[in-house]
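So you know, we letter chains A, B, ... as the sequences are listed, proteins then strands, and number each from 1. Quantities reported herein were computed from a predicted structural model and do not represent experimental measurements.
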Amino acid sequence: GQQLNQSPQSMFIQEGEDVSMNCTSSSIFNTWLWYKQEPGEGPVLLIALYKAGELTSNGRLTAQFGITRKDSFLNISASIPSDVGIYFCAGRETSGSRLTFGEGTQLTVNP
Amino acid sequence: NAGVTQTPKFQVLKTGQSMTLQCAQDMNHNSMYWYRQDPGMGLRLIYYSASEGTTDKGEVPNGYNVSRLNKREFSLRLESAAPSQTSVYFCASSEGIANEETQYFGPGTRLLVL
């Protein structure tokens, strides 16, 4: 099946630092999504992207739909301890296909 | 509003035992999903139900069966559990299959098969 490569696998940062993570696919996607999963909970949608080049923000989070339609990026500015969790990208190739999820990026923020 | 609820939260099974994971949503959503989450693998779709009365296989359906009991409930059954089915199982729902990205997830069921 479709593979999504998400990097990095984990990040350990200090409070206040900015964070960047990305996701790449082997084929073109028409939708890119970013979810956050906190410990003991299910994932929650953060940002949805539907057009190549689209840049969308949600508070301190900004995500971009790559121009090639094969990648997406998530940035978190001025991290805080409650940003801790696993961040997943997900994408969809066509309107009739199901979502494919990346492996996740485990984020740890040290106060 | 409870959203999506799952029972049980934790379960330990012996190889060969059977069990059913329960999921219910109170948002009047048409579509429901079952995923498994394994370290380094992300979320993988097991089965989904686009609407009441329909079910379809996802990426990893082998060893599982599902029942869309009514609009609210979607259960996942392991007929003969295997150690490879040790995982965290998430149920999710969305308004419709076209709104899949805005699906709401339950808190998960942690299953250990010995």
Side-chain angles (χ1 to χ4, degrees), chain A residues 1-10 21-27 29-51 54 56 58 63 65 72 74 85-107, chain B residues 2-10 21 23-25 27 29 31-50 54-62 74 76 87-110:
Chain A
Q2 174 57 242
Q3 292 278 342
L4 282 189
N5 294 310
Q6 188 172 347
S7 66
Q9 282 189 330
S10 60
M21 60 190 79
N22 69 81
C23 211
T24 58
S25 70
S26 55
S27 59
F29 278 8
N30 69 4
T31 301
W32 281 102
L33 310 163
W34 287 92
Y35 292 84
K36 179 187 178 186
Q37 183 181 21
E38 298 193 3
E41 303 289 332
V44 174
L45 180 67
L46 297 173
I47 295 177
L49 304 159
Y50 299 103
K51 282 199 280 193
E54 184 179 354
T56 297
N58 178 1
F65 193 137
S72 181
L74 177 70
I86 304 175
Y87 291 80
F88 289 99
C89 64
R92 179 163 54 222
E93 288 183 68
T94 67
S95 59
S97 60
R98 303 278 64 80
L99 292 178
T100 299
F101 285 81
E103 306 98 330
T105 294
Q106 173 76 61
L107 178 63
Chain B
V4 179
T5 56
Q6 292 183 236
T7 55
K9 285 188 168 27
F10 303 96
L21 281 65
C23 174
Q25 51 90 9
M27 296 174 282
H29 283 172
S31 301
M32 298 184 75
Y33 314 82
W34 274 107
Y35 293 89
R36 61 177 289 173
Q37 183 179 34
D38 302 292
M41 301 285 285
L43 287 157
R44 291 182 294 169
L45 184 64
I46 304 171
Y47 271 93
Y48 67 99
S49 171
T54 69
T55 61
D56 285 287
K57 294 179 181 179
E59 182 185 352
V60 288
N62 291 346
F74 189 38
L76 178 72
S87 188
V88 181
Y89 291 86
F90 287 99
C91 176
S93 71
S94 66
E95 280 191 27
I97 204 69
N99 312 101
E100 184 184 4
E101 56 263 37
T102 53
Q103 56 190 290
Y104 293 81
F105 286 85
T109 293
R110 283 145 187 82

(message) Checking E38(A) now: which residues fulfil side-chain hydrogen bond (donor to acceptor under 3.5 Å, both in side chains) with it, not counting sequence neighbours?
(response) K36(A)
(request) Can you sort out the partners of D38(B) under salt bridge (charged side-chain N to carboxylate O under 4.0 Å, His left out), two or more places apart, ordered by chain and number? (result) R36(B), R44(B)
(message) What part of Y104(B) gets within 4.5 angstrom of chain A, counting heavy atoms only: side chain, backbone, both, or neither?
(response) neither
(message) Please classify the contact of L45(B) with chain A as side chain, backbone, both or neither, using a heavy-atom distance under 4.5 Å.
(response) side chain
Working to the nearest 0.5 Å, report the span between [atom1] of [X] and [atom2] of [Y].
X       : Y      : atom1 : atom2 : answer
Q103(B) : Y35(A) : CD    : OH    : 4.5 Å
L99(A)  : S94(B) : CG    : OG    : 9.0 Å
F105(B) : Q37(A) : CZ    : CD    : 8.5 Å

(request) Heavy atoms only: give me the nearest Q37(B)-F88(A) pair and the separation to one decimal. (result) NE2-CZ, 3.0 Å
(request) Flag yes if more than 12 heavy atoms outside E95(B) fall under 6.0 Å of its CD atom; otherwise flag no. (result) no
